[in-house]
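Remarks on the structure that follows.
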Amino acid sequence: MGAPDAMFVGSVDFLRSFIGIIRRPYETYRALSLRRNWWEIAHIALLLVFYFATASLVKTAAFRPYILTRQFLALASTAGATAILVSATLWIVGIRFFGGRGEYLAFARGWAYTLIPTVLWFWTTSILFVAIPPPRTASIQGLAFSILYLTFSAVLFYWKVMLSYLALRFGMKMDLRQIIQTVIVSSPVIALYGVVMYRFGVFKVPFI
């Protein structure tokens, strides 16, 4: 298959997987673990690039190309490093200590889709920061907004956890017990990394 054909198939696979992780995540991840076309991941990368461009504009008070470029590069490079660190940590722990099996690249492809709920949450937060800037009032409208926002965040968090479980389930062929053990052992490393990013002011909330 040539590059243009692979790119077209990757686009179709991405759209199918994007809809699938919403409607039928279990079947979608099972199919995803069997595919070998990497072009679909380019679409997730484009979503990340679009978000970081938006976040850079939100965080920068004035339109200054140098500051915007520096902010964008800092966010994009750190998020990329975070995705690699988290997936590699889970992979190493799962494979070496808890009987996981498979290929890292196959697992990383499934893990990339777990970034979609993260992007949606950060994206929505950035837009709301501009549309309804803090401080938000304690009026009925303000309380209703807070309830809706918390509900939305909880739904995305549940979706993120479910996709992460499926990525581990199919990417490393582990059962629930092995997955829980892997997450428990990996959590201190991931948490320490999140604290470091917070201290450096890159992410107030870890982009995981």
Side-chain angles (χ1 to χ4, degrees), residues 14 17-18 20-22 24-36 38 40-41 44-45 47-48 51-52 55 74-125 150-208:
F14 171 75
S17 296
F18 185 85
I21 63 175
I22 298 172
R24 297 185 301 273
Y26 188 90
E27 293 86 348
T28 300
Y29 260 85
R30 184 168 55 187
L32 184 63
S33 66
L34 301 176
R35 291 205 296 268
R36 292 295 181 267
W38 287 90
E40 60 186 295
I41 306 305
I44 299 177
L47 287 178
L48 294 174
Y51 163 70
F52 293 132
L75 290 173
S77 59
T78 305
T82 301
I84 294 172
L85 173 71
V86 173
S87 62
T89 300
L90 292 168
W91 172 261
I92 292 171
V93 172
I95 293 293
R96 297 194 64 176
F97 300 107
F98 300 111
R101 294 173 288 114
E103 301 175 358
Y104 171 72
L105 293 179
F107 167 67
R109 183 175 56 250
W111 188 261
Y113 277 92
T114 71
L115 295 176
I116 290 179
T118 304
V119 172
L120 292 178
W121 187 85
F122 274 87
W123 207 351
T124 302
T125 301
L150 290 174
T151 302
F152 173 76
S153 299
V155 170
L156 285 185
F157 178 74
Y158 172 76
W159 189 26
K160 170 83 172 182
V161 170
M162 180 175 58
L163 296 185
S164 300
Y165 163 79
L166 293 174
L168 291 162
R169 170 72 179 83
F170 290 106
M172 286 196 277
K173 300 175 177 62
M174 296 193 299
D175 57 27
L176 180 59
R177 178 182 59 82
Q178 292 171 310
I179 291 172
I180 292 174
Q181 291 172 332
T182 299
V183 171
I184 290 175
V185 174
S186 303
S187 292
V189 176
I190 299 172
L192 178 62
Y193 180 81
V195 170
V196 171
M197 290 298 99
Y198 178 83
R199 291 294 178 88
F200 278 97
V202 179
F203 293 122
K204 298 303 181 183
V205 179
F207 194 93
I208 298 175

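All values below were derived from every heavy atom in this structure, side-chain atoms included, with hydrogens, water molecules and symmetry-related copies excluded.
- Taken to the nearest 0.5 Å, the CD1 atom of I21 stands 9.0 Å off from the OG1 atom of T114.
- Contact detail for L163 and P25: the closest heavy-atom pair is CD2-CB, 4.1 Å.
- In this structure I184 satisfies the side-chain contact (heavy atoms from CB on, under 4.5 Å) test together with I180, sequence neighbours excluded.
- No donor-acceptor pair closer than 3.5 Å links the side chain of W111 to the backbone N or O of A88.
- Taking OH of Y193 as the reference point, atom OG1 of T82 lies at 3.0 Å (rounded to 0.5 Å).
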Practice problem: Determine, step by step, whether L120 and Y51 satisfy the side chain to side chain contact (heavy atoms under 4.5 Å, CB included) criterion, reporting the C-alpha distance in whole Å, the side-chain angles of both residues, the deciding distance to 0.1 Å, and the verdict. | Solution: CA-CA 9 Å; L120 292 178; Y51 163 70; over 6 Å; no
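- The CG atom of L90 lies 9.0 Å from the CG atom of L85; values are rounded to the nearest 0.5 Å.
- In this structure, Y113 has no ring pair (Phe, Tyr, Trp, His ring centres under 6.0 Å) partners at least two apart in sequence or on a different chain.
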Practice problem: Determine, stepwise, if the pair K160 / L115 fulfils side chain to side chain contact (heavy atoms under 4.5 Å, CB included). | Solution: CA-CA 8 Å; K160 170 83 172 182; L115 295 176; 4.2 Å; yes
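- Y29 is linked by a side chain to side chain donor-acceptor pair (under 3.5 Å) to nothing, counting only residues two or more places apart in sequence or in another chain.
- Separation of atoms CD (Q181) and CG (L176) is listed at 10.0 Å; rounding is to 0.5 Å.
- Considering CG of L47 and OG1 of T118, their distance stands at 12.0 Å, rounded to 0.5 Å.
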Quiz item: Going through the checks in order, is the side chain to side chain contact (heavy atoms under 4.5 Å, CB included) test met by W159 and I116?
Solution: CA-CA 10 Å; W159 189 26; I116 290 179; 4.1 Å; yes
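- Under the ring pair (Phe, Tyr, Trp, His ring centres under 6.0 Å) criterion, Y158 pairs with no residue at all, not counting sequence neighbours.
- With sequence neighbours excluded, the residues forming a side chain to side chain donor-acceptor pair (under 3.5 Å) with S153 are W121, listed by chain and number.
- Applying the side-chain contact (heavy atoms from CB on, under 4.5 Å) test to T124 and every residue at least two apart in sequence or in another chain returns L128, F152.
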Practice problem: In sequence, state the C-alpha distance, the side-chain angles, and the governing distance for Y26 and Y165, and then conclude on side chain to side chain contact (heavy atoms under 4.5 Å, CB included). | Solution: CA-CA 10 Å; Y26 188 90; Y165 163 79; 5.6 Å; no
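- Between S17 and E40, the closest heavy-atom pair is OG-OE1, 3.7 Å.
- In this structure V185 satisfies the side-chain contact (heavy atoms from CB on, under 4.5 Å) test together with V93, F98, sequence neighbours excluded.
- By the side chain to side chain donor-acceptor pair (under 3.5 Å) test, T182 is found to be paired with no residue, residues two or more places apart in sequence or in another chain being considered.
- Judged as a side chain to side chain donor-acceptor pair (under 3.5 Å), the pairs with a partner in residues 84-109 (not counting sequence neighbours) are, in order, S87-Y104.
- Within the model, atoms OG of S164 and CZ of R169 stand 15.5 Å from one another, a figure rounded to the nearest 0.5 Å.
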